[in-house]
**Q** 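Sharing a structure with you now.
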Amino acid sequence: MSDKGSKGLAKDPGSEPTPGMDPFTDTLQRLREAFGSGRTRPAEFRAAQLRGLGRFLRENKQLLQGALAQDLHKSAFEGDVSEIIICQNEVDLALKNLHAWMKDESVAKNLFTQLDSAFIRKEPFGLVLIVAPWNYPVNLTLVPLVGALAAGNCVVLKPSEISKGTEKVLAEVLPRYLDQSCFAVVLGGPEETGQLLKHKFDYILFTGSPRVGKIIMAAATKHLTPVTLELGGKNPCYVDDDCDPQTVANRVAWFRYFNTGQTCVAPDYVLCSPEMQARLLPALQSAITRFYGEDPQSSPDLGRIINHKHFQRLRDLLSCGRVAIGGQSDESECYIAPTVLVDVQETEPVMQEEIFGPILPIMNVRGLDEAIDFINRREKPLALYAFSNSNQVVNRMLDRTSSGSFGGNEGFMYMTLSSMPLGGVGNSGMGRYHGKFSFDTFSHHRACLLSCSGLEKLNAIRYPPYSEWKQQLISWALGKQSCTLL
Amino acid sequence: MEREVQRVRAAFRSGRSRPLTFRRQQLKALRRMVQEREKDILAAITADLSKSELNAYSQEVISVLGEIDLMLEKLPEWAAATPARKNLLTMLDEAYIQPEPLGVVLIIGAWNYPFVLTIQPLIGAIAAGNAVIVKPSEISENTATTLAELLPQYLDQDLYAVINGGVEETTELLKHRFDHILYTGNATVGKIVMEAAAKHLTPVTLELGGKSPCYVDRDCDLDVACRRIAWGKYMNCGQTCIAPDYVLCEPALQDQIVQKMKDAVKEFYGENIKESPDYERIINLRHFKRILSLLEGQKVAFGGETDEATRYIAPTILTDVDPGSKVMQEEIFGPVLPIVPVKSAEEAVRFINEREKPLALYIFSQDNKLTKWLIDHTSSGGVTGNDVIMHFMLSSLPFGGVGSSGMGAYHGKYSFDTFSHQRPCLLKSLKREGANKLRYPPNSPSKVDWAKFFLLRRFSRGKLRLLLLTLLGVLVAVLIKAGHC
């Protein structure tokens, strides 16, 4: 490795920590060299990687379902619908569109550049780091991976150490399906991740909490690494008086208790009038019973909390307000019943942190405007939901708030649409991905203008010395940039 | 300062900056400002950079006017929701992506093109419906003062504010929370800006710099190449973030390049360059001395004259430059062009790739294949082939860096998008709840199959065709039957 001192602006080899003491140096070095060799750039290579990922998903479906069951007590249905199928779709979409996405994008030209070739070249950034969470450990690791591979990068995957079953499968089985000179899985907890982040990456995609998001961005600053941060927050769910309580209860309950509430885009709390609350509670009870039976703990369709730390945290939240539905818990299984809390104060812990569990507090407001004020006083959430028969109400909520995404009379069903990006705003994150947005996120969009040498006489007007008439001509020509005749 | 920032935020919360009519009105007011107060603006720029009014106009004011016109024309289109493709499950719903303002945007300008580098981002931020705080560079003092005077006279005073000051004030400003920060300048301060932004999870666009290489192939029209390189290099006395920083070429070409560039310089600035109204000066003494120190120990093929009193540095070319020397260690940002001899295009590529990714890459060659090859094997913010600077002038191209030359991009629609949040929306009706039964627990294997049907792309398409064919068959049967009755 060349001596950094004599190169000045030469690239930092990327390994600040003492070689030998840092377990990642060699791996990262290897991946960097592979990227430098250009191996990941041809479409055939990228397609081969994507196909490998597709085969991994198909051939290890049961293994993955088993891991998800082990980590989150996730039913096969949930595992399929929210993780495996989503990943398969992304792989298929990328394979189908790879050439179209990779193509140079032509752009409109102005009068000065009519005879030139102007386009945007999509290029891989280089070495990409994906740091994934534990709640959808397959989806939130592999969907970003699809984008990073399709865009031609070398990738380092850091799955969550908390979802141990999935971590094992990803570390031991996945690499067999991909070219290991260009891909690596690294393991570890917060300390190891901190060490990893000292190295230079060309892009980092992180999914997790805002608190850790700040740490990631601060680490990225040292190398001027661009980041996409998929964070979270408290996703409000406004329920208007003008609606059918049972329909709303079905939808809200399904999206709240899916994956035992451990979903970054789940409705976190409900805002509604006291009258609506009175109608909603029996409807919610009815929905919960219908979904999970009289004894939810024995339902195969209800998952469990990921670990004891989160279980304790959630159990403490059960003492906020008053339990209207559910409230049971069982430490031996990390089980918490689908719960609804009422009479909650804004200052209580359940309204201060992202719940990330099967607990739904209901806050009372006296109408849409008060709900909007309530929402706007807080951090911009990752998702926002509004339920009403009136289009006007839904649209007004949409117009006067901001959030990563918005669902009207629906929960996070938009996650199944690869034409809709997933991303936050403000405290809930920056950047976005899914489908083509993934490819674009992991690509540098390089502006290219290829001029011809000829017709130099035409250029005479731009060179000094400048006279009054030259200036007028330049003004006129540049002013025509919105003209796209040719 | 605290009060001013709060005032801007409160103004944004009022929602005033959101309606398209308001945004258009502000953009038109900005245009009026540029047209009515042209003299004041030009005077400020020329005072800061010893620039002729003509140069100031063509280098800065024109771009601003062009950008305003583009925004005004395209605003309705860009601010409109974009429908999103739906799947079977969401067929009957409304799915679209709605651009929204982010909130309060901070724009930190640079001193080298003090007007355009502050105002062009401002235009995008206004068009996207944000409130804006502008922090012009204190080094270009006259422009900073003029902007502070003029903007409040034409734009809404609560939504758009100019805050002036040096390092201390900027540090204080960065402690506040913004919804996006666009910074133009160097990597060192870029990191400081990003670090401050990280504390509030504020997204940033960093327009930085670096050493932009200029590869000159033996197979090129050398006359044209040298004229264009001289134009781009000595414009604004070399103080351009996308100026060709250094030249890479075969040793045999060096002398020719020097001669032709000498001719071009004479053509542009005359025999007595110091007297030419079109040749600028170095911004301040600190930079003057910095650039002077880069000349130490170098072979000056042409130029090299300096005058500290007027901060004049003649257009200069250095030959046979050693890659390890000081002039090759930092972005020059001055009218000094080192030529580094390389044996081949391959060596040039290796040279470029050993270094940080530059903001711009220039390639002069008639051989299209070679040009494409060079582009394929390097990375940079942007590329211009057989010319310099020009990719900046096309507003349909994103302007931004990569790696240590920056992150994010702006200009035209890219400005609008940079300062917007693209919010995906899915609107459903509360009816047809029956259709949802499929997704609710308790679950069963058949439900999984149905889920696959609706969600798995390949699966659904095949089955959909089957379904449609069946329906068609039924329809035909019914019609035939109806015909017979």
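Just so it is clear: chains get the letters A, B, ... in the order the sequence lines come, proteins before strands, and each one is counted from 1.
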**Q** Looking at Glu267(B), Lys86(B), Arg423(B), Arg18(B), which one has more heavy-atom pairs under 4.5 Å with chain A than the rest?
**A** Arg423(B)

**Q** Are side-chain N/O atoms of Tyr203(A) and Thr228(A) paired as donor and acceptor at under 3.5 Å?
**A** yes

**Q** Can you tell me which of Arg432(A), His445(A), Arg400(A), Glu123(A) forms the most heavy-atom pairs within a distance under 4.5 Å of chain B?
**A** Glu123(A)

**Q** What part of Lys431(B) lies closer than 4.5 angstrom to a heavy atom of chain A: side chain, backbone, both or neither?
**A** backbone

**Q** Taking every heavy-atom pair that is under 4.5 Å apart, which of Gln98(B), Arg227(B), His180(B), Glu94(B) has the most such pairs with chain A?
**A** Arg227(B)

**Q** Measuring heavy-atom distances to chain A, does Thr378(B) have an atom under 4.5 Å in its side chain, in its backbone, in both, or in neither?
**A** both

**Q** If you count the non-hydrogen atoms of other residues, nucleotides and ligands that lie under 6.0 Å from CG in Asp399(A), is the total more than 12?
**A** yes

**Q** Checking heavy atoms, do the side chain of Leu384(A), its backbone, both or neither come under 4.5 Å from chain B?
**A** side chain

**Q** If we ignore hydrogens and angles and just use 3.5 Å, is the side chain of Ser82(A) paired with the main-chain N or O of Gly79(A) as donor and acceptor?
**A** no

**Q** By a 4.5 Å heavy-atom criterion (distance strictly below it), what part of Asp244(A) contacts chain B: side chain, backbone, both, or neither?
**A** backbone

**Q** Report which part of Thr225(A) has an atom under 4.5 Å of a heavy atom belonging to chain B: side chain, backbone, both, or neither.
**A** backbone

**Q** Is a side-chain donor-acceptor pair under 3.5 Å present for Thr384(B) with Arg228(B)?
**A** no

**Q** Under 4.5 Å heavy-atom distance to chain A, tell me which part of Ile375(B) shows up: side chain, backbone, both or neither.
**A** both

**Q** Heavy-atom distance under 4.5 Å to chain A: side chain of Lys413(B), backbone, both or neither?
**A** neither

**Q** Could you grab the distance from atom CG of Asp179(B) to atom OG of Ser402(A), nearest 0.5 Å is fine?
**A** 8.5 Å

**Q** Between Ser403(A), Gly407(A), Pro124(A), which shows the greatest number of heavy-atom pairs under 4.5 Å with chain B?
**A** Ser403(A)

**Q** I need the residue from Thr371(B), Leu206(B), Leu208(B), Asn55(B) with the largest number of non-hydrogen atom pairs under 4.5 Å to chain A.
**A** Asn55(B)

**Q** Can you find a heavy atom in the side chain of Ile62(B) that is under 4.5 Å from one in the side chain of Tyr57(B)?
**A** yes

**Q** Could you tell me whether Lys96(A) and Glu90(A) make a salt bridge, using a distance below 4.0 angstrom between a side-chain N and a carboxylate O?
**A** no

**Q** For chain B, find which of Pro421(A), Ala220(A), Gly293(A), Gly36(A) contributes the most heavy-atom pairs closer than 4.5 angstrom.
**A** Pro421(A)

**Q** Heavy-atom pairs under 4.5 Å with chain B - which of Leu450(A), Asn427(A), Thr247(A) has more of them than the others?
**A** Thr247(A)

**Q** What part of Pro210(A) gets within 4.5 angstrom of chain B, counting heavy atoms only: side chain, backbone, both, or neither?
**A** both

**Q** With only heavy atoms counted, which part of Met407(B) is less than 4.5 Å from chain A, the side chain, the backbone, both or neither?
**A** side chain

**Q** So, do Met194(B) and Met217(A) sit near enough that their side-chain heavy atoms are less than 4.5 Å apart?
**A** yes

**Q** With a cut-off of 6.0 Å (strictly less than), are more than 12 heavy atoms of other residues, nucleotides or ligands near NZ of Lys191(B)?
**A** yes

**Q** Please classify the contact of Arg290(A) with chain B as side chain, backbone, both or neither, using a heavy-atom distance under 4.5 Å.
**A** both

**Q** Which bit of Met430(A) is near chain B, if near means a heavy-atom gap under 4.5 Å: side chain, backbone, both or neither?
**A** side chain

**Q** Is Asp376(B) salt-bridged to Arg41(A), going by a charged N under 4.0 Å from an acidic O?
**A** no

**Q** Within 45° of the axis and under 6.0 Å from the centre of the six-membered ring of Phe255(A), does NZ or CZ of Arg251(A) qualify?
**A** no

**Q** Side chains of Tyr96(B) and Thr82(B) only: does a donor on one sit below 3.5 Å from an acceptor on the other?
**A** no

**Q** Taking side chain as C-beta onward, heavy atoms only, is Ile120(A) less than 4.5 Å from Val107(A)?
**A** yes

**Q** Let me know if Glu100(B) has heavy atoms under 4.5 Å from chain A in its side chain, its backbone, both or neither.
**A** side chain

**Q** Counting only non-hydrogen atoms closer than 4.5 Å, does Phe125(A) touch chain B with its backbone (N, CA, C, O), its side chain (CB onward), both, or neither?
**A** both

**Q** With no hydrogens and no angle check, just 3.5 Å: does a side-chain donor-acceptor pair link Asn250(A) and Gln246(A)?
**A** yes

**Q** Look at the aromatic rings of Tyr440(B) and Trp254(A) and report parallel, tilted or perpendicular, splitting at 30° and 60°.
**A** perpendicular

**Q** Chain A heavy atoms under 4.5 Å from Ile192(B): which part of the residue, side chain, backbone, both or neither?
**A** neither

**Q** By a 4.5 Å heavy-atom criterion (distance strictly below it), what part of Ser325(B) contacts chain A: side chain, backbone, both, or neither?
**A** neither

**Q** Which atoms of Tyr269(B) come close to chain A, meaning under 4.5 Å heavy atom to heavy atom: side chain ones, backbone ones, both, or neither?
**A** side chain

**Q** Quick one: what part of Lys199(B) sits under 4.5 Å from any heavy atom of chain A, side chain, backbone, both or neither?
**A** backbone

**Q** Any idea which of Ser380(B), Ala409(B), Pro398(B), Ser404(B) has the most non-hydrogen atom pairs under 4.5 angstrom with chain A?
**A** Ser380(B)

**Q** Using a cut-off of under 4.5 Å on heavy-atom pairs, state which of Gln422(B), Arg13(B), Arg177(B), His377(B) scores highest against chain A.
**A** Arg177(B)

**Q** Under a 4.5 Å heavy-atom cut-off, does chain B meet the side chain of Ser299(A), its backbone, both or neither?
**A** neither

**Q** Using heavy-atom distances under 4.5 Å, tell me whether Leu422(A) contacts chain B through its side chain, its backbone, both, or neither.
**A** neither

**Q** So, Thr221(A) versus Glu195(B): side-chain donor-acceptor pair below 3.5 Å or not?
**A** no

**Q** Need one label for His421(B): side chain, backbone, both or neither, based on atoms under 4.5 Å from any heavy atom in chain A.
**A** side chain

**Q** Check whether Phe437(A) gets within reach of chain B through its side chain, its backbone, both or neither, counting any heavy atom under 4.5 Å.
**A** side chain

**Q** Between Asp223(B) and chain A, which part of the residue has a heavy atom less than 4.5 Å away: side chain, backbone, both or neither?
**A** neither

**Q** So which part of Tyr414(B) gets closer than 4.5 Å to some heavy atom of chain A, the side chain, the backbone, both or neither?
**A** side chain

**Q** Quick one about Asn87(B) and Thr416(A) (side-chain donor to acceptor, distance below 3.5 Å, no hydrogens or angles considered), yes or no?
**A** yes

**Q** If we ignore hydrogens and angles and just use 3.5 Å, is the side chain of Gln329(B) paired with the main-chain N or O of Pro323(B) as donor and acceptor?
**A** yes

**Q** Examine whether an atom of Ser388(A) lies under 4.5 Å from a heavy atom of chain B, and if so say whether it belongs to the side chain, the backbone or both; otherwise answer neither.
**A** backbone

